[in-house]
Structures are given as structure tokens and as C-alpha cells.
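The structure appears below as C-alpha cells.
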Amino acid sequence: MARKFQMAALLGTLVASAASAIAPEQDDILLNHFGGKIQQLRGGALVDTITSSTDSWAGAVVTPAGGFATLYRTPSVGLSRFDADGDVIAEPTIAGITVPADLDILSDGTFVVADSTQDVVHLVSANGAVVGTISNATMMSPHGLAVAPDDTIWVVNRESEDVDHFHRGGADLGGFALGFEPGEIAIDPADGTLWIADRVSGSIEHLSTVGTDLGSVPTGITTSGGAPFDGLGITSGGLLLVIDRADGELLGFERNGSPVGASAIPDPDNLFRLTVVPEPSALAGALAGFSALLGCCARRRAR
């Protein structure tokens, strides 16, 4: 493992309002670079850069043990797992997955993987075995997903331009149409509502769990030239964080759309996903603790 930074200086120059909003929460921010690395930030500071011999990385999560994981597409499709120091634990291949687009993790450590070309979501064990498959008749090109505190799974589909909600056992809990091409989905820790990136317009759409429009945040991100809007997360204190892929920046917004700062991301390598992990000082219990924040109800699908 080649680590490029360890306890490095502050990321770029966050304006004062952004720094004060992020630092007290001490959320971990994981920046997934498709070129093959994860940057771990805390309170605006670059803590570590995680790399390995694989390439074309999709997604980043923290495991219940406090380590990290991502998906890789080359030299074949597989799962890379790292310990808390960023050193490689294992990189098993995953049979039967063609183009992984995103991943998250259930409370028991099972990985949830969006397979964008097979139109399914896979459940994958730590050793790379597919232990379950979830889909429905309308899912087309699942592109982003998020596991809710109750272990249900929210999925946004790029080609069918809709949202699906599933029980971890595969039961369809309902969904709704979007009318735009989604990039990433984040669950608001305050009330369980959904924030979804519009890959084409560069805006963040705020929706209820049944699809009610709750507002929109224009980010000003340019999505032309092969730089669609995919990286989106929300901190435990309600700060929306987005990746500006074209400019190589991390941007912050309040829920009401007010911008709170921007910082340059060092050495960007085709930025892709952004993951927020609350309370990194207690990473081993982060998922279990987060599960007590809210519950989600089954909804009927409205197409």
C-alpha cells in the first residue's frame, strides 16, 4: 500500500463559515477518486490517502470494524478492504458483477452493491461472495444507493430516472419517479428525507420519502465535458457537501441553499463519490449508533 499523505495540512482554504460548520462535527469525509484512491478528511484536514494496485474505484464506506472498503473494476471486478490505517486486508474478486457503480454497507457488515448493467443490487460478503440479489421490473441502471438507519436500501436509477426502496431481504417498499437523471442519494439524519444529485443540471433535489418536492439547491457545478454530478453527502449537522469534479473542489451548502465555502481537493484523480461517516472517534460503532436516529416506513410506488 502506497500512502501519499499522513496527517497532512488543511485542505485548501475553507472559508471561515465552512470551517466552523465542519470541524465541530468531526465527521469523516471519504472522497472516492475513480482513478484508484480514497482521501480521508476530518474537520477539513486530510488525514490519509488510501491506494492499492487495483483501479477504477466506485464508492467508499467505513466498515463496522473501523476499516474502509471500495469496489474496483480493473483488472477485474472486486472488493478492496483496508484496515483503519489504510493498509490492504484483502481484495477478493466478485463473480457475476459486471459494472459496479456504488456501494454501502448494512449493520452486519454485508456490502450492498449497485450493478449498473445488470439492473440489480447485490448483497456481497466480506470475502466477495454474492449472498443476495435485489431488483424489480422497473429498475434500469442503478447508479447510487444509500442504506438507511433501519437497514433498508434506497437506490437511484440513472436510466429509469426513479427511486427504489427495498427491505434488505428484497421486499419492494415502494418508490417514485424523478424526472431527472440521478447521480447520488443521501439520507438526511434529521428527518430521513432524501437529497439527490441531478447529474445533468448540477442541482441537489430535496424530496420526501414518497417523492414530495421539498426544494432544490443549485450548486453552480458545471456538468459538461464528461464531468457529471455524482458526489454528494450530508453531515451529521446538516451541511450538504458536494464534489465539483470539473474544478476539483469540495463545496458546502446549508440546507436552505446558502453556500458556506469551497476548498481545492489535492491531486484529484477523476473524482467520483463522497461518503460522510459521523463520529470517526467511534467508527466501530458508527453504523449501530446511527441506526437509532430514525426509522423509515414502507411506501407504495408512484410511477
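Predicted model, so just to flag it, every value in this text is computed and none were measured. Just the heavy atoms: all of them, side chains too, but no hydrogens, waters or symmetry mates, feed the values below.
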Applying salt bridge (Lys or Arg N to Asp or Glu O under 4.0 Å), name anything that partners [X], two or more places apart in sequence or on another chain.
X	result
D151	R168
D230	R199, R245
R255	D188

Pairs involving residues 86-132, ordered by first then second residue, that meet ring pair (Phe, Tyr, Trp, His ring centres under 6.0 Å) (sequence neighbours left out):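 Every candidate ring pair (Phe, Tyr, Trp, His ring centres under 6.0 Å) pair involving residues 86-132 fails, so no pair, neighbours aside, qualifies.
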Suppose clustering is done on Ile, Leu, Val, Met, Phe, Trp and Tyr with side-chain heavy atoms closer than 4.5 Å. Which residues sit in the same group as [X]?
X	answer
V200	none
F272	F34
I234	W195, I204, V217, I221, F229, L232, L240, V242, L251, F253

Which residues share a side chain to side chain donor-acceptor pair (under 3.5 Å) with [X], sequence neighbours left out:
X	answer
T193	D191, H206
R73	none
S76	none
S216	E205

Gap separating the OG1 atom of T51 from the CD1 atom of I38, nearest 0.5 angstrom: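 One finds 10.0 Å between OG1 of T51 and CD1 of I38.
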So, taking the atom named NZ in K37 and the one named OG1 in T54, what distance separates them when rounded to the nearest 0.5 Å?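 The NZ atom of K37 sits 14.0 Å away from the OG1 atom of T54.
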Mind checking side-chain contact (heavy atoms from CB on, under 4.5 Å) for T275 and listing every partner two or more places apart, or none if nothing turns up?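 Applying side-chain contact (heavy atoms from CB on, under 4.5 Å) to T275 gives L30, A60, V277.
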What I want to check is whether the side chains of D115 and T98 have a donor and an acceptor closer together than 3.5 Å.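 Present: a donor and an acceptor within the cut-off.
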Taking atom types as modelled and ignoring hydrogens, do the side chains of S203 and S201 form a donor-acceptor contact shorter than 3.5 angstrom?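 There is such a pair (donor and acceptor under 3.5 Å, judged by atom type) between the side chains of S203 and S201.
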Pair E91 + R81, salt bridge at N-O below 4.0 Å: no
Are F68 and W57, when compared by the centres of their aromatic rings, separated by less than 6.0 Å? no
